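Taking it in order: structure first as structure tokens, then the write-up.
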Amino acid sequence: MKKLLVVLMILSVSVPLAGGQATAQIVMKLGHFAADSHPGNLASKMFAEGVEKRTNGQIKVTIYPNNALGSPPEVLEQNILGAVDMSLPTQGQLGKYSKKFNCVMLPFAFKDYAQADKVLDGPFLKWAVPDLDKAGLVFLSNWEWGFRNLTNSKRPVKVPADVKGLKIRTPPELPTQAAMEALGAVVATINFNELQMALKQGVVDGQENPIAVIYSNKIYETQKYLTMTGHNYNTMVHVISKKTWDKLTPEQQKIVREESKKAGDWMRKSLRDAEASQIKELQKLGMQVTYPDKAKFKALMKPAYDRMAAIAGEDNIKAFTKMVDQVK
């Protein structure tokens, strides 16, 4: 019996390689901000399972959803330092480390998902990813977050003037703040974990997020009006610490990249396929949905673009908008 226990202990800390040698298991931390039930967390689990299976247990990924390791900026900083191995920041969060990433969330930059995919999976990567390398991060793949839409508890929003005076919570990212303020909203930055209470107590009148977040986080419990503005688009970006990456063998790196892409593609399809049914469900739950003329909203965005140029750089804004125009 003692001999069996010793054997089991050895097996628990080592995994046989193809050549018969044993290696210590690599345990990675993946921290992100999506709720447990959100496709972002489900994709994380899919990624973890795929990596563990294909490496024969050599790599195990432990997932920390729902800001369990701290706020998104804190997790990203830990990721760069190597205290967290992987994270799923948005381009807005990465903008602190590369001005080019700030361009992605320019208000009303993208017409639809297809255009966003062509830009962000194509020319944008060649242009911006080298900046992440300098920051100590390795880009793995684009996942999804979605087009952000406005909700509030006061009135239906049909034209830009309907936004004026509404107290709207945004994340601490300039693209969203600038877009809302250009429409005349009074912006408040509140931690997402405190958002529901702020909405219930009337600290703010509304907020803005993709449909999947509005649905999975039950924003409909405090918000009666949903406006399909689609004012900003962004994705979760799967990145790994360069310190962790350099510890992996070329074969392990290949597996991690491939499983990241597979999980990201699944999340992208899952979110988009579910969006129409979630909107219908939100209507059944009491939300009134309006589809305004986005051109009228975009026409008011010059102040937002001017503010964005200050943090992203005028040349970067021009380069990015040229990319977008070329794939229309």
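What you see is a predicted model; the values in this text were computed from it and never measured. Values below: every heavy atom of this structure, side chains too, minus hydrogens, waters and symmetry copies.
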Report the residue from Asn209, Leu271, Val237 that forms a side chain to side chain contact (heavy atoms under 4.5 Å, CB included) with Trp145.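 Going through Asn209, Leu271, Val237 one by one, the side chain to side chain contact (heavy atoms under 4.5 Å, CB included) with Trp145 is satisfied by Asn209 alone.
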Looking at Asn152, Thr229, Ile219, Thr170, which one forms a side chain to side chain contact (heavy atoms under 4.5 Å, CB included) with Glu208?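 That would be Thr170; it is the only one of Asn152, Thr229, Ile219, Thr170 passing the side chain to side chain contact (heavy atoms under 4.5 Å, CB included) with Glu208.
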Is there a side chain to side chain contact (heavy atoms under 4.5 Å, CB included) between Glu281 and Leu285? Walk through the geometry before answering. CA-CA 6 Å; Glu281 188 61 28; Leu285 291 164; 4.2 Å; yes
Whether [X] side chain and [Y] backbone form a donor-acceptor pair below 3.5 Å:
X	Y	result
Thr321	Lys318	yes
Lys224	Lys154	no
Tyr220	Tyr225	no
Asp85	Lys29	yes
Asn79	Ser87	yes

Nearest atoms (heavy-atom pairs only) where [X] meets [Y]:
X	Y	answer
Phe147	Gly230	CD2-O, 3.7 Å
Pro39	Trp266	O-CZ3, 3.6 Å
Asp36	Asn41	O-ND2, 3.0 Å
Pro171	Thr189	O-CG2, 4.0 Å
Val51	Ile255	CA-CG2, 4.3 Å
Leu88	Ser44	CD1-OG, 3.6 Å

[X] bridged to [Y] by N-O distance under 4.0 Å:
X	Y	answer
Lys261	Asp265	yes
Glu181	Arg307	yes
Asp293	Lys298	no
Asp117	Arg272	yes
Lys158	Asp162	no

More than 12 heavy atoms of other residues, nucleotides or ligands under 6.0 Å from NZ of Lys60: is that the case?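 No, the 6.0 Å shell around NZ holds no more than 12 heavy atoms from other groups.
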Does atom CD of Gln253 have more than 12 heavy-atom neighbours from other groups under 6.0 Å away?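 Yes, the 6.0 Å shell around CD holds more than 12 heavy atoms from other groups.
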Do the non-hydrogen side-chain atoms of [X] and [Y] ever get within less than 4.5 Å of each other?
X	Y	value
His238	Leu30	yes
Cys103	Trp127	yes
Met228	Ile211	yes
Gln196	Lys218	yes
Gln115	Val324	yes
Lys254	Val256	no
Pro73	Leu76	no
Phe297	Val163	yes

Shared hydrophobic cluster, [X] / [Y] (ILVMFWY, side-chain heavy atoms < 4.5 Å):
X	Y	value
Phe192	Phe33	yes
Val104	Met308	yes
Met236	Phe139	no
Leu183	Val159	no
Ile279	Tyr233	no

Look up atom [atom1] in [X] and atom [atom2] in [Y], then write down how far apart they are to the nearest 0.5 Å.
X	Y	atom1	atom2	result
Gln223	Ser153	CD	OG	5.5 Å
Trp245	Met86	CH2	CE	10.0 Å
Ser71	Asn193	OG	CG	9.5 Å
Glu275	Asn149	CD	CG	7.0 Å
Thr176	Arg148	OG1	CZ	5.0 Å
Phe110	Asn232	CZ	CG	10.5 Å

Aromatic plane relationship, Trp143 with Phe47 - under 30° parallel, 30 to 60° tilted, over 60° perpendicular: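 Perpendicular, since the angle between the ring planes exceeds 60°.
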Any donor-acceptor pair under 3.5 Å linking the side-chain atoms of Glu173 with those of Thr90?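 There is such a pair (donor and acceptor under 3.5 Å, judged by atom type) between the side chains of Thr90 and Glu173.
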Do Thr151 and Gln207 have side-chain atoms, one donor and one acceptor, less than 3.5 Å apart?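 Checked: Thr151/Gln207 side chains pair up, N/O donor to acceptor below 3.5 Å.
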Tell me whether the centres of the aromatic rings in Phe124 and Phe101 are closer together than 6.0 Å.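 Yes, they do, as the ring centres are separated by less than 6.0 Å.
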CA sep, side-chain torsions, deciding dist, call: Leu132, Val138, side chain to side chain contact (heavy atoms under 4.5 Å, CB included): CA-CA 6 Å; Leu132 295 186; Val138 175; over 6 Å; no
In a check of salt bridge (Lys or Arg N to Asp or Glu O under 4.0 Å) between Arg54 and each of Glu258, Glu251, Glu49, which one passes?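 Considering Glu258, Glu251, Glu49, a salt bridge (Lys or Arg N to Asp or Glu O under 4.0 Å) with Arg54 is found only for Glu258.
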Residues clustering with Tyr64 (ILVMFWY side chains joined when closer than 4.5 Å, directly or via others):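 Noted: Tyr64 shares its cluster with Leu69, Val75, Val84.
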Verify salt bridge (Lys or Arg N to Asp or Glu O under 4.0 Å) between Asp121 and Arg268, making sure each step is shown before the conclusion. CA-CA 12 Å; Asp121 292 345; Arg268 184 178 278 180; 2.8 Å; yes
Side chain to side chain contact (heavy atoms under 4.5 Å, CB included), that's the test. Do Ile26 and Thr244 meet it? Break it down for me. CA-CA 10 Å; Ile26 298 170; Thr244 301; 5.6 Å; no
Verdict with reasoning, Leu195 to Asn217, per side chain to side chain contact (heavy atoms under 4.5 Å, CB included): CA-CA 10 Å; Leu195 176 58; Asn217 288 275; over 6 Å; no
